[in-house]
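Counting starts at 1 for both ligands and their atoms, following the listed order. By convention here, the first residue in the shown sequence is residue 1.
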Amino acid sequence: MNSPHPPLIGTCRCGDVRFEVSAPPVITAACHCRGCQRMTSSAYSLSAIFPESAFTITAGDPVKRGLQGPDLDHFFCPSCKTWMFTRIPALEGLINVRPTLLEDPAWTRPFMETMTSEKLSWVETPARHSFDGFPPPEDFPSLLEDFARHRDEYQ
Ligand SMILES: [Zn+2]
Ligand SMILES: [Zn+2]
């Protein structure tokens, strides 16, 4: 898997909203929950989590849609309605980006998968760590360390 070389450039489907990320991801994930199935109109969502300080909107003005607060805010292009990123207060200092919006999505292999209790029975991912629900917050430090150890395979 080729490593991404920041800055990473992403856009929505219509191109009105553009963003740039100046750091590599701290972890990548797939989420199989019914909410993600509905919001992506697909089998699961993909995430790449970055330091929020490395994330900049360079064009357009994303709007909150989907589920809105208090636990999370989903942001969309106001024009084409692409789901672009999610802010989760519990993940302080981090931002959850839909990595297939990036110019080169080849490296976005999910390192962990969440909500496998709602996974479609025919779906398989290459994730190293699987959770029926979401990983407990105390598991995050060791997950981030494990991702860093296997960085070459997952980005
Ligand atoms: Zn758009
Ligand atoms: Zn989900």
Side-chain angles (χ1 to χ4, degrees), residues 4 7-22 25-52 54-144 146-147 154-155:
L8 309 173
I9 310 290
T11 73
C12 62
R13 182 71 199 257
C14 78
D16 279 5
V17 177
R18 301 177 64 83
F19 64 88
E20 203 173 291
V21 192
S22 63
V26 298
I27 201 162
T28 56
C31 183
H32 299 281
C33 82
R34 295 285 295 136
C36 284
Q37 290 172 12
R38 289 198 163 94
M39 291 227 307
T40 59
S41 312
S42 188
Y44 54 86
S45 68
L46 286 174
S47 290
I49 299 180
F50 295 94
E52 177 138 36
F55 179 81
T56 312
I57 300 290
T58 53
D61 197 9
V63 294
K64 293 180 187 181
R65 292 289 185 273
L67 283 188
Q68 298 170 53
D71 297 332
L72 43 73
D73 282 310
H74 296 125
F75 287 85
F76 292 72
C77 168
S79 179
C80 70
K81 313 297 193 233
T82 298
W83 181 24
M84 300 191 72
F85 58 94
T86 304
R87 291 186 199 279
I88 304 171
L91 296 179
E92 209 183 333
L94 298 172
I95 188 158
N96 184 338
V97 176
R98 308 277 76 75
T100 42
L101 304 181
L102 295 167
E103 281 176 343
D104 174 17
W107 57 269
T108 58
R109 166 191 277 248
F111 175 73
M112 68 171 180
E113 58 184 351
T114 59
M115 292 300 296
T116 58
S117 57
E118 297 182 353
K119 183 169 81 68
L120 302 182
S121 59
W122 49 267
V123 169
E124 286 177 33
T125 80
R128 282 180 84 85
H129 299 275
S130 289
F131 297 91
D132 283 351
F134 291 101
E138 61 269 25
D139 282 13
F140 263 107
S142 61
L143 286 168
L144 298 186
D146 200 38
F147 181 75
Y154 286 89
Q155 39 173 291

- Item | Heavy-atom pair of closest approach, residues V26 and L144 | O-CD2, 3.6 Å
- H74 and W83 aromatic ring geometry - parallel, tilted or perpendicular at 30°/60° bounds: perpendicular
- Note on the structure: Note: D71 and I88 closest approach over all heavy atoms is O-CG2, 3.7 Å
- Task: Under 2.8 Å from the Zn ion (ligand 1), which protein N, O or S atoms are there? Could you list them by chain and number?
- Result: C12 SG, C14 SG, C77 SG, C80 SG
- Message: R98 vs T86, test: side chain to side chain donor-acceptor pair (under 3.5 Å). Steps then yes/no.
- Response: CA-CA 8 Å; R98 308 277 76 75; T86 304; 3.2 Å; yes
- Sorted by chain and residue number, which protein N/O/S atoms are under 2.8 Å from the Zn ion (ligand 2)? C31 SG, C33 SG, C36 SG
- Item | Taking every non-hydrogen atom, the tightest pair across P99 and W107 | CB-CH2, 4.4 Å
- Note on the structure: Contacts of F55 meeting ring-ring contact (aromatic ring centres under 6.0 Å, His included) (sequence neighbours excluded), chain-then-number -> F19, F85
- Non-neighbouring partners of S117 that pass side-chain hydrogen bond (donor to acceptor under 3.5 Å, both in side chains), sequence neighbours left out: none
- Atom of S130, atom of T116 and distance for their closest heavy-atom approach: CB-CG2, 4.3 Å
- Query: Between the main-chain N or O of H32 and the side-chain N or O of Q37, is there a donor-acceptor pair closer than 3.5 Å?
  - Reply: yes
